[in-house]
Structures are given as structure tokens and as C-alpha cells.
Amino acid sequence: MQIVKDEGPITGEQIAEKLNLTRATLRPDLAILTMAGFLDARPRVGYFYVGKTANQLFTEHVRKLKVKDYKSMPVVVTEKLSVYDAICTMFLEDVGTLFVVKDGGRLAGVVSRKDLLKIALGKQDLQAIPVSVVMTRMPNIITCTLEETLYEAASKLMRYQVDALPVVRPMEDGEGLEVVGRITKTTITKAFVELGQESVV
Ligand code: ADP
């Protein structure tokens, strides 16, 4: 890197000579440095230093991750489902947030653990109350799209202090949003662990 920084553009052959190595020995190292974005190579010109720090490269890498590659399956219920059944669904599906839909999959609301705990504190018959009574409704739902970056989705989770975002796209008839996935704090934690395992360099 230092040689290229000082003397670039410089050919692989010339770098090898300076290090008393063969071009073949150096080839994998140069390939890694080029792939990682530290160096760039132009045919017949040679290698030159791109001038980005590891930090900049990491940030660029993080901001390329897309919601569509990390989203998980959404757990969706209808508006008429009782609060009692919604609680059972949360346990059975092992999720903390349910997305509520109406007429053919249109996003209508979101129900979280605390929405259900709150209503369960009262003396009402949980089998008789529909989730639509306790859910947060459209248009107050924070969503994300397939093409958005995971970083943007994570920023929304933080900014709006919620645990999950429905991944949505416009319904075919153009009215409302169809739920096609889910991004949760767990999704972000998983991606973070993966980033820690893979080496950018
Ligand atoms: P918990 O209830 O476990 O604290 P959240 O922090 O996700 O879970 O939910 C807090 C409140 O925000 C609840 O009333 C819930 O209905 C609402 N909520 C959850 N997710 C969203 C979202 N994506 N958009 C709008 N409101 C949401």
C-alpha cells in the first residue's frame, strides 16, 4: 500500500521488484487490496491508491446493505382477530409485533406486545375485543420498502422507537400498501453480527 501510495500508478511487476518477490507471489495480495477498494488497477497503467480509510470503506459497505436481502417473513393477522387470539399468535409465531391487514392484504395497523398487555390489564373479555381496537393504525405506521437500505430502516427503528417495521409495496390496485416482509431490531442485530464476522479487508 505504501509503495503504491508513494509511487502509483505502478505496475505489479515493479512492486514485486521492489519487494524482491515474484509477481505471482504478490498477485493474491493485490487482488484482495483491489477488491477491498484500497487500490484500483487500470490496464497498462498499473495500481494506484484510492485514498479511502478502512472506516470509509466500512461505512460504504454498511450503506449498501438492502432491506430486500435481510427482511424476514411478516406475521400478518386480520382486523377481526380477537386480542386473545393475537396473544396466542405472538407466542406461536414467536414474534413481538403483528401486522394487521384488511381486505386482501392491505396494511391497516400494527400491534405490539405492550398494546396487548395494556388491554389485558383490564377486566374485558379478550375473546370479544378485536385487535383493530388496540392497534396503531394507518396512516401512522412507519414502514420501509424493499429497495431501502438496512441502515435507513435501522434509523427509523431508532427515530420512532419501535421494534418492527413492515416492509411494504403499493397494492396492485394502487390503493394502500401490501405487506411483503418485516424488519425488526433482531434483523439489525443479526446483520451486525454478520458484519463483525466478515472482514471487509
Ligand atoms: P413494545 O410494545 O414491545 O414496546 P414497540 O416499541 O414496537 O413495542 O411499540 C410501541 C408502540 O408503537 C405500540 O403502540 C405499537 O402499536 C406502535 N408501533 C409499533 N411498530 C410500529 C410501526 N412500525 N409504526 C407505527 N407504530 C408502531
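Read the numbers this way: they start at 1 and go in the same order the structure lists the ligands and their atoms. Hydrogens, waters and symmetry mates play no part in the numbers below; they use all other heavy atoms, side chains included. Note that the numbering runs from 1 along the sequence shown for the chain.
- A salt bridge does not link Arg106 to Glu175: none of the charged side-chain nitrogens sits closer than 4.0 Å to a carboxylate oxygen.
- Among all non-hydrogen protein atoms, the one lying nearest atom 17 (C) of ligand 1 is Thr136 OG1, 3.5 Å.
- Set against the non-hydrogen atoms of Val110, the atoms of ligand 1 under 4.0 Å away are 16 (O), 19 (C), 20 (N), 21 (C).
- For atom 27 (C) of ligand 1, the nearest non-hydrogen atom of the protein is Val162 CG1, 3.5 Å.
- In this structure, Ala164 has a heavy atom closer than 4.0 Å to ligand 1.
- In terms of N/O distances under 3.5 Å, ligand 1 is not approached by Val111.
- Annotation for Tyr70: atom OH counts as buried by contact number, over 12 foreign heavy atoms lying within 6.0 Å.
- Using a 4.0 Å cut-off to heavy atoms of Ile141, the atoms of ligand 1 that qualify are 24 (N), 25 (C).
- The pair Lys102-Glu79 does not count as a salt bridge, with every side-chain nitrogen at least 4.0 angstrom from each carboxylate oxygen.
- In terms of polar-atom proximity, Ile142 is counted as a contact of ligand 1, with an N or O under 3.5 Å from an N or O of the ligand.
- Close contacts of ligand 1 with Arg113, meaning ligand atoms under 4.0 Å from a residue heavy atom, involve 2 (O), 3 (O).
- Closest heavy-atom contact between Val4 and Tyr49: CG1-N, 3.6 Å.
- No continuous path of hydrophobic side-chain contacts links Val168 to Leu146 [ILVMFWY only; heavy atoms under 4.5 Å].
- Protein heavy atom in closest approach to atom 7 (O) of ligand 1: Asp163 N, 2.8 Å.
- When only non-hydrogen protein atoms are considered, atom 25 (C) of ligand 1 lies nearest to Asn140 O, 3.3 Å.
- In the displayed structure, Lys185 atom NZ is contacted under 6.0 Å by more than 12 heavy atoms of other residues, nucleotides or ligands.
- The pair Glu148-Lys68 does not count as a salt bridge, with every side-chain nitrogen at least 4.0 angstrom from each carboxylate oxygen.
- Ligand 1 has a nitrogen or oxygen under 3.5 angstrom from a nitrogen or oxygen of Ser112.
- For the pair Thr149/Leu65, no side-chain contact is recorded, criterion being any heavy-atom separation below 4.5 Å from C-beta on.
- Among protein heavy atoms, the minimum distance from atom 4 (O) of ligand 1 is reached at Lys114 NZ, 2.9 Å.
- Remark: minimum distance from atom 15 (C) of ligand 1 to any protein heavy atom is reached at Asp115 OD2, 3.3 Å.
- Taking a 6.0 Å sphere around OH of Tyr84, one finds it holds 12 or fewer heavy atoms contributed by other residues, nucleotides or ligands.
- Taking a cut-off of under 4.0 Å to the non-hydrogen atoms of Gln161, the atoms of ligand 1 that pass are 6 (O).
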